[in-house]
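Written out below as structure tokens is the structure these notes cover.
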Amino acid sequence: MTNPESKITPKHYHLRLQPNLDRMDFSALVTLQAVARQSVDLIELNALDLAVRSCRVRQGEKQTECGFCLDPAREEIRIDLPEKITGEIEIQIDYYGRINSQMAGFYHSTYRHSNGSETIAVTQFQESDARRAFACMDHPFYKAGFTIEMVVDREMTAISNMPAVSESPEPGGRKRVTFETTPVMSTYLVFFGMGRFSVITDELDRRVRAAVLPGMAETVRYGLAFARKALKYCETCFASPYPLPKLDLIAVPDFAFGAMENWGAITFRENLLLLDPANTAVDGEERICEVIAHEIVHQWFGNLVTPADWKFLWLNESFATFYGYQVVDAHYPDWQIWEEFVESQTATALNRDSLRETSAIEISGGSHVVINSATAPIIYSKGASILRQIRGYMDENEFEAGLHRYLAGHSGGCAGSSDMWTAMESASGKPIRQIMEQWVLQPGHPLVTAKQSSGRLHLSQKRFSYLPAAGAQNQTWPVAVIIRWFDKSGAGRTTTALMEGPEMEMEMDPDIYAYKINDLQTGFYRTRYKDIQNLERLAAMAAAKTLPAIDRWGLENDLFALTVAGHTDLPAYLEFLEQTGTDTDPLPLSAKMGHLHDLMIAADGSAGQAVASAATRYMHEAFDVLGCRPEKDEPHPRLRVRNNLFWQAAILGVPGPISTAGEEFEKLRGQGRVHPDILRGVMQAAAWQGDEKTYAWVVERMESTDSEQDRLNCLRALGCFRRPELIENALALVLDRVPDKNKFVPVAQMARNPAAIPLLWDWYKGAEKILNTIHPIIHERIITSVVPAGGIEHADAAAEHFNQRMAENAPAADAIAMALAKLEVNLQIRRQAAASFA
Ligand SMILES: [Zn+2]
């Protein structure tokens with residue numbers, strides 16, 4: 001465990017703040033009580049963008065003024081003590097700061113609505129922005145208690161991690177709000193904020209509250225009720241009561257991330273907390289529940305037990321992601337949310353992890369870890385997927401018992417990966433450390449190759465990657481391979497075997513007709529059947545639907561990855577799709593159509609045409625079965641997939657969805673209502689078909705709506721136009737008028753839009769200067785969207801441009817490297833596809 005090596009240990013911070021929303025600044029006084037374990041005459045604290053007026057130190061009764069210097073490069077303030085000191089000391093810093101507009105530190109955010117606008121100020125500190133609001137030891141290991149006091153205008157509501165204990169009047173129409181002292185906690189979880197919030201308390205659990213701006217009270221009730229259920233579920237599941245007296249859910253208009261788990265004061269993007277029934281589709285509703293659950297799980301995983309170092313961030317995010325789904329599934333089993341998990345978490349993680357520049361889940365030597373589009377699929381999605389994998393290997397009760405030991409053993413403190421393995425092993429008696437260390441410390445994942453000969457099944461493993469020569473070629477993982485054996489009647493039984501080295505062999509019963517590796521896709525690896533007859537039999541079983549949907553999904557998913565990597569060719573992949581026949585089950589359908597879309601973007605010439613005609617045929621079949629409009633009581637997965645396919649169907653020229661979109665869009669234009677579960681698809685398809693009037697309507701709606709959900713639908717539609725002049729207009733609008741936090745939304749859509757892709761690279765080059773001034777996570781999302789598709793025709797220029805940027809140490813160099821690797825993969829697909837159709 002790497003602990004930072006400071007000679008002093010913080011005990012308590014008392015933070016007094018006087019924010020001024022007219023001037024967008026604050027004056028403050030922080031008093032840090034600490035213990036010097038060795039004699040010190042210099043104290044270094046983190047501080048950034050703060051104007052310090054004075055520093056004093058007190059030991060016993062003696063208070064002395066100190067010299068100090070600020071070092072912006074190291075983000076530090078160095079305080080010279082008048083003499084060497086040991087034992088308890090108190091440092092007091094009087095300073096001033098700006099309430100910035102950068103969505104980091106203490107920042108302001110404006111909610112514009114039809115009746116005016118509201119400005120609030122809130123904090124966002126993960127992982128190292130607390131130092132922008134107060135001088136502190138800004139590392140998760142240094143936990144302390146916090147007492148926060150704020151002086152705000154009387155009509156404002158001030159919110160922090162703990163409930164207010166007192167409010168007293170101050171001159172000038174202001175009031176002083178003092179909050180209860182927190183339990184010991186890390187700096188990145190501190191929260192304070194102010195605004196004309198209304199606070200709504202849940203009737204059934206008065207600890208749970210929502211803080212929303214005027215006009216949002218009705219839309220937060222759904223999220224508030226789900227938060228109450230999620231909190232109760234976690235208290236039971238983790239066998240540990242929620243330790244704070246209250247839990248606030250706060251909707252923040254400008255927010256770089258999705259949500260933030262500040263202890264007792266969770267902040268959200270509006271669309272991830274507020275359910276607006278006219279505009280929220282089922283996937284939006286699912287996402288609201290999943291994000292609320294994720295943040296509530298963090299109240300234990302992260303807040304109560306904190307990573308001792310940022311390299312253990314996965315202990316927060318993997319568990320929050322995994323249990324986020326678990327909580328939703330427990331309350332809404334008919335949503336089949338674990339199917340959504342394998343697609344949006346496991347497939348995303350496998351895809352990211354198949355690139356050369358991937359990283360390990362536990363980031364080696366990573367005292368500084370940034371969550372971005374390069375790291376999130378690993379830390380969140382791969383992490384959560386390998387938890388699902390190990391839980392399949394352990395017994396579910398053992399898994400939970402291990403978590404109870406982990407939480408109880410480190411409650412209020414910090415922990416690392418090793419502590420998790422110790423707890424899991426003592427609960428299960430299984431070699432969890434030996435298995436999990438390999439998965440957590442090594443980048444990449446295996447390709448398991450299966451072949452049979454003389455009544456024996458032979459398995460071998462090797463690291464899988466899209467491009468040649470990723471990492472060491474002799475990497476192996478302990479793989480708990482679950483195999484389902486089928487006899488001729490289609491009946492199946494499973495065997496689990498732990499594959500510890502590069503190869504393994506097992507006896508096969510003579511009556512076996514076919515076998516499927518990675519039963520129900522709980523394992524985090526790819527499978528290749530060298531045995532063509534077995535693959536054909538599985539395809540036949542898929543066509544007959546005797547294989548479960550999740551296994552049909554897995555077969556196609558692996559075969560697509562093998563095609564991208566060049567282990568098999570495009571005609572063989574298309575042939576497999578033919579063999580598996582019409583499959584309109586939402587999970588395999590959505591993956592198949594997504595992959596065909598990927599191929600359409602990358603491939604050209606006759607290969608591109610072959611893909612497009614296959615995609616068109618499957619899309620016809622899909623809408624023939626699904627229909628174009630939602631029916632009463634349709635299950636979520638079906639509603640989800642229809643909405644998502646509308647635009648692609650319009651691109652492919654499928655008449656049913658095109659005419660439905662036309663009719664429904666006319667309704668919208670006439671102020672009519674469209675079912676929320678086709679609304680997004682209708683707007684996107686209408687944009688593809690649309691002219692400048694359609695464009696003007698989308699922009700007008702985007703700028704006049706009060707609903708963030710509606711705004712996001714408009715922003716996606718903005719990325720879906722076909723006519724080049726409208727795409728140019730939309731790209732200009734992104735820079736001028738789309739709020740920073742949402743700039744990536746239309747651009748990500750355009751990176752899937754065959755008409756927009758040719759325009760993206762030139763646009764990016766011209767826009768880069770402006771994009772350099774916005775939050776790096778938003779800029780980096782734009783780069784990772786634009787480069788892989790927009791760079792296909794400009795590969796050398798893109799590589800040269802970004803290699804230069806990376807050499808200059810640009811932020812998010814890992815995300816840029818990932819974008820370039822994805823571009824290389826697309827070029828490889830294009831080359832291979834052309835060769836196989838030559
Ligand atoms: Zn999280």
Side-chain angles (χ1 to χ4, degrees), residues 103-104 122-130 140 161 185-191 223 226-227 230-231 233-234 237-238 242 247-252 255-269 271-273 286-328 337 340-341 344-346 348-349 352 361-363 366 369-388 403 406-407 414-415 417 420 440 777 781:
M103 300 188 278
V122 290
T123 60
Q124 166 61 38
F125 289 161
Q126 193 174 4
E127 87 273 2
S128 49
D129 287 320
N161 305 86
M185 62 185 278
S186 304
T187 46
Y188 79 96
L189 295 165
V190 170
F191 175 83
F226 188 75
L231 186 67
Y233 183 91
C234 289
C237 180
F238 303 148
Y242 174 66
L247 177 64
D248 286 331
L249 318 170
I250 307 158
V252 177
F255 201 56
F257 300 89
M260 175 65 208
E261 69 264 23
N262 313 301
W263 214 0
I266 304 171
T267 44
F268 295 84
R269 272 189 180 229
N271 60 302
L272 299 177
L273 177 62
E286 290 166 3
R287 185 96 178 102
I288 287 172
C289 292
E290 190 238 303
V291 172
I292 290 174
H294 176 114
E295 303 307 327
I296 289 179
V297 173
H298 272 315
Q299 308 301 304
W300 286 263
F301 287 91
N303 302 7
L304 185 63
V305 179
T306 309
D309 192 278
W310 285 118
K311 73 177 182 179
F312 303 123
L313 182 60
W314 80 274
L315 285 171
N316 284 6
E317 300 304 344
S318 305
F319 281 91
T321 303
F322 180 80
Y323 273 101
Y325 280 83
Q326 169 97 350
V327 172
V328 175
I337 202 79
E340 205 274 328
F341 178 94
S344 70
Q345 305 296 328
T346 307
T348 303
R352 166 50 185 128
I361 293 175
E362 183 181 306
I363 291 159
V369 172
V370 177
I371 299 171
N372 60 30
S373 32
T375 56
I378 300 298
I379 298 173
Y380 290 61
S381 307
K382 183 180 177 186
S385 300
I386 64 156
L387 293 180
R388 179 166 170 264
L403 295 187
Y406 169 80
L407 290 171
C414 289
S417 309
M420 178 61 80
V440 166
I777 197 164
R781 280 181 197 167

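Start at 1 and go down the list; that is how both ligands and their atoms are numbered. We use all heavy atoms of the structure for the numbers below, so side chains are in, but hydrogens, waters and symmetry mates are not.
Between Trp263 and Tyr188, the ring center distance fails the sub-6.0 Å criterion. Remark: aromatic rings of Tyr325 and Phe341 are close, center separation under 6.0 Å. Ring-centre distance between Phe238 and Tyr323: below the 6.0 Å cut-off.
Looking at Ser417 and Glu362, their side chains do bring a donor and an acceptor atom within 3.5 Å of each other.
Less than 2.8 Å away from the Zn ion (ligand 1), the protein contributes these N/O/S atoms: His294 NE2, His298 NE2, Glu317 OE1.
Applying the side-chain hydrogen bond (donor to acceptor under 3.5 Å, both in side chains) criterion to Thr123, with sequence neighbours excluded, gives no partner residue.
Residues Thr348 and Arg352 are not in side-chain contact: their nearest non-hydrogen atoms beyond the backbone lie 4.5 Å or more apart.
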